[in-house]
2 protein chains.
Amino acid sequence: MKTPIYLDYNATTPVAPEVVDAIRPFLVEHFGNPSSSHVYGLVARQAVAEARASVAELIHAKQGEIVFTGSATEANNLALLGVARALGQTKRHLVVSAIEHPAVMQPAQHLREMGWDLTVVAVDGYGRVDPHAVAAAVRPDTGLVSIMHANNEVGTIQSIAEIARLVKPMGVLLHTDAAQSAGKVELDVDALGVDLLTLAGHKFYATKGVGALYVRTGTPITPILFGADQEHGLRPGTENVPLVVGMGAAARLAREHLPAATEKLRALRDALHERLAAAVPGLVLNGHPTERLPNTLHVSFPGISGRELLYRVAGRVAASVGSACHSEADAVSGVLIKPLAIRLGEQTTLAKSLVMAAMGCDADRARGAVRLSMGWVTTLEEIEAAATAISEGVTDLLVRRR
Amino acid sequence: MKTPIYLDYNATTPVAPEVVDAIRPFLVEHFGNPSSSHVYGLVARQAVAEARASVAELIHAKQGEIVFTGSATEANNLALLGVARALGQTKRHLVVSAIEHPAVMQPAQHLREMGWDLTVVAVDGYGRVDPHAVAAAVRPDTGLVSIMHANNEVGTIQSIAEIARLVKPMGVLLHTDAAQSAGKVELDVDALGVDLLTLAGHKFYATKGVGALYVRTGTPITPILFGADQEHGLRPGTENVPLVVGMGAAARLAREHLPAATEKLRALRDALHERLAAAVPGLVLNGHPTERLPNTLHVSFPGISGRELLYRVAGRVAASVGSACHSEADAVSGVLIKPLAIRLGEQTTLAKSLVMAAMGCDADRARGAVRLSMGWVTTLEEIEAAATAISEGVTDLLVRRR
């Protein structure tokens, strides 16, 4: 059976062959525990150190500033809950954007239950937060600002550097969830001006099961899991040597691929957009027209359900409706956003789907949304075939309706 | 260069070839995100479900009772902190043994900082807790009892079933850290009578970076990391599909290998013990003579340092001093036990090394300790060569001293 064209790279990427090659020896001959004093341990220890250096280099950080975790979700939890624990009773106010991933929004909600105050900054119709609105939300008791770098659904990229320029002088810590950015756009922790940054292995051709948190030297943070002293004492448990090594290899690849990959992805994305726009009158682009991930095309098909469309073309194209702009009639797919009761105010919103509320989509646009995300190995032939399949699917659904 | 004979299977095992074979397709063609609705997601979802069933079967649990985590450390944290959160303010007393792994002892210490009361039950000279002492420690406000199944250092196995028989009628939850037991001895959650049980992939021929927590149906527990709703809502983050599949394959292997593997390991262990005892007058066995992991030989060499001995034979044998019975002069190796200030009383101990204090070893016995742990692929030839190497190392050290 022919497998459908994969256009869901924002959900997860395949593992690059170079990464598989890097992992294999650490499944077989180099199986030692990095904590062991003998040669088996030494080899594992050195491999983890090299991977740490490689991931650090990808984001222009120092080796000692990288903490490997089991996922980006865990890295986000460590950033929010670990900083909160370290700050203690002095700073108990957190600022996030309205379109954070549940892996930020849920720890934020947990902190609220623990007595923290939470401000959720709204986004505009393109899914962008206004850096000045973020700065306006900062108070004397603000401990941490956490604004995602690129949105997983619509792909909109935030002005983190501008946010940093405004809020860092106010004495707050700044975290950004860059799980969707690494390997797609250049990342530089100094240019971004962040104290903490989250990476996800399986979003840039490493594997699921490994993530990392960048922690700028001097940032107050404590572990959130407790045990032995691995990862500079910040994340206990025997190191996941094979997948950490894989993430190091993926970071090397990403450095080599960028910025050429960015250009290639942008061209493919725009080619798909043009073909769909030509075939489907009234097609609406979601997310920012330019400040957007080069691989992400999030569009709404007028008058049909994105979910039904994907079901109809399932044999030819594999993509996602995302959880963005979903309507009440269409259940949340992929990422689950739990109902979040947050303090209502000028800069806050209460919604089942934060992204839907935040971007102010109407019901039809919400219902018709589909996320098409491309990867390094996506070809123009795949894009053309996908555009044909989706256009035919749209026609079929509209015809069937009459 | 010839690699030394590996006798440190309690630190970590190599990955079984069958496990590597099971993992590979999930690094390459089956790379989907289990949360995706399309066929790539479906394949990943089914693979995780099969792995869950396989791990459940290993310990005679139901599929829905297995929560995959990033490590046994995380599973232990989830057991202790997740149950503590679920119990809220009603039950705020925890009972552990004096020889728990840091992945239990440190979360226990964290709970103490959060206002829980902690009782540490002493062990005898063999490293065994008296089930009646555990029962005596239970109070009306006791929420959880956590006693490890097999000690990672000396290998002593606790009478968990007997502890369950005594404490379960008192209305407490019972957790056991079985990270060192799976694949070495039969495990049955009903026979053990536990509510929660921890497994570590890399201790039974799966990989580092994956663990699991058995949670008996109906056990009050909440997540300790926050995000989307994976793992029955108990552990957020995209599933680590390849390593979870690997752990499923390892569980199948363990079922096939047991109980023959137990018998083989015991014979190798006792052969090594006999050879060393014959060559080294005054050799002392640590841990229980019979109620002990079949693969673990923890012995003290009189008059020499275990660390120096391992250093001397490093080219021929790779083993560990463990953190058991270490002296002040020899730094803690492998597992780090942080200083733990606990409530002193009849059933508690205050010590830098809990195992040393608990087993009442004198300084010489502590200094001379070495842990030799065997695995499925260990051969009698390796045992004979290791015994020769170690005996020669002991002689060299004693001669040099004169």
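Note that this is a predicted model, so its numbers are computed, not measured.
Heavy atoms closer than 4.5 Å to chain B are found in the backbone of A:Ala319, but not in its side chain. Using a 4.5 Å cut-off between heavy atoms, A:Val20 contacts chain B through its side chain alone, with no backbone atom that close. Neither the backbone nor the side chain of A:Ala314 comes within contact range of chain B; no heavy atoms are under 4.5 Å apart. For B:Ala11, the parts lying under 4.5 angstrom from a heavy atom of chain A are both the backbone and the side chain. When heavy atoms are compared at a cutoff of 4.5 Å, A:Tyr311 does not approach chain B at all. In this structure, the portion of B:Glu239 lying under 4.5 Å from any heavy atom of chain A is its backbone and not its side chain. The contact between B:Leu81 and chain A is made entirely by side chain atoms (from C-beta outward), counting heavy-atom distances below 4.5 Å. B:Thr69 does not touch chain A: none of its heavy atoms, backbone or side chain, sits under 4.5 Å away. For chain B, no part of A:Leu80 is nearby; none of its heavy atoms comes within less than 4.5 Å.
Side-chain contact between A:Leu310 and B:Ser37 is absent, with no heavy-atom pair separated by less than 4.5 Å. Side-chain contact between B:Lys208 and A:Phe26: absent, with no pair of heavy atoms (C-beta onward) separated by less than 4.5 Å. Side-chain contact between B:Leu27 and A:Thr207 is present, with heavy atoms from C-beta onward closer than 4.5 Å.
Chain A forms more heavy-atom pairs under 4.5 Å with one residue of B:Gly315, B:Gly32, B:Ala72, B:Pro242 than with any other, namely B:Gly32. Across B:Pro14, B:Ala103, B:Ser71, B:Gly70, the residue that shares the most heavy-atom pairs under 4.5 angstrom with chain A is B:Pro14. Taking chain B as the reference chain and counting heavy-atom pairs below 4.5 Å, the highest number among A:Val19, A:Val15, A:Leu225, A:Ile23 is found for A:Leu225. If you tally non-hydrogen atom pairs under 4.5 Å between each of B:Thr13, B:Asn76, B:Val28 and chain A, the highest count goes to B:Thr13. Of the listed residues (A:Asn33, A:Val210, A:Val104), the greatest number of heavy-atom pairs within a distance under 4.5 Å of chain B belongs to A:Asn33.
In this structure, CD1 in A:Ile224 is found 7.5 Å from CD1 in B:Ile224, a value given to the nearest 0.5 Å.
Between A:His202 and B:Phe31, the gap from one ring centroid to the other reaches at least 6.0 Å.
Between B:Phe226 and A:His110, the angle of the ring planes stays under 30°, which puts this pair in the parallel group of the 30/60° scheme.
The minimum heavy-atom distance between B:His38 and A:Ala318, with the atom names listed, is CG-CB, 3.5 Å. Contact detail for B:Gly237 and A:Thr73: the closest heavy-atom pair is CA-OG1, 3.5 Å.
Proximity of a side-chain donor or acceptor of B:Tyr40 to a complementary backbone N or O of A:Thr3 within less than 3.5 Å is not detected.
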Test log, rule side chain to side chain contact (heavy atoms under 4.5 Å, CB included), inputs A:Leu243 and B:Asn240: CA-CA 10 Å; A:Leu243 301 196; B:Asn240 187 349; 3.7 Å; yes

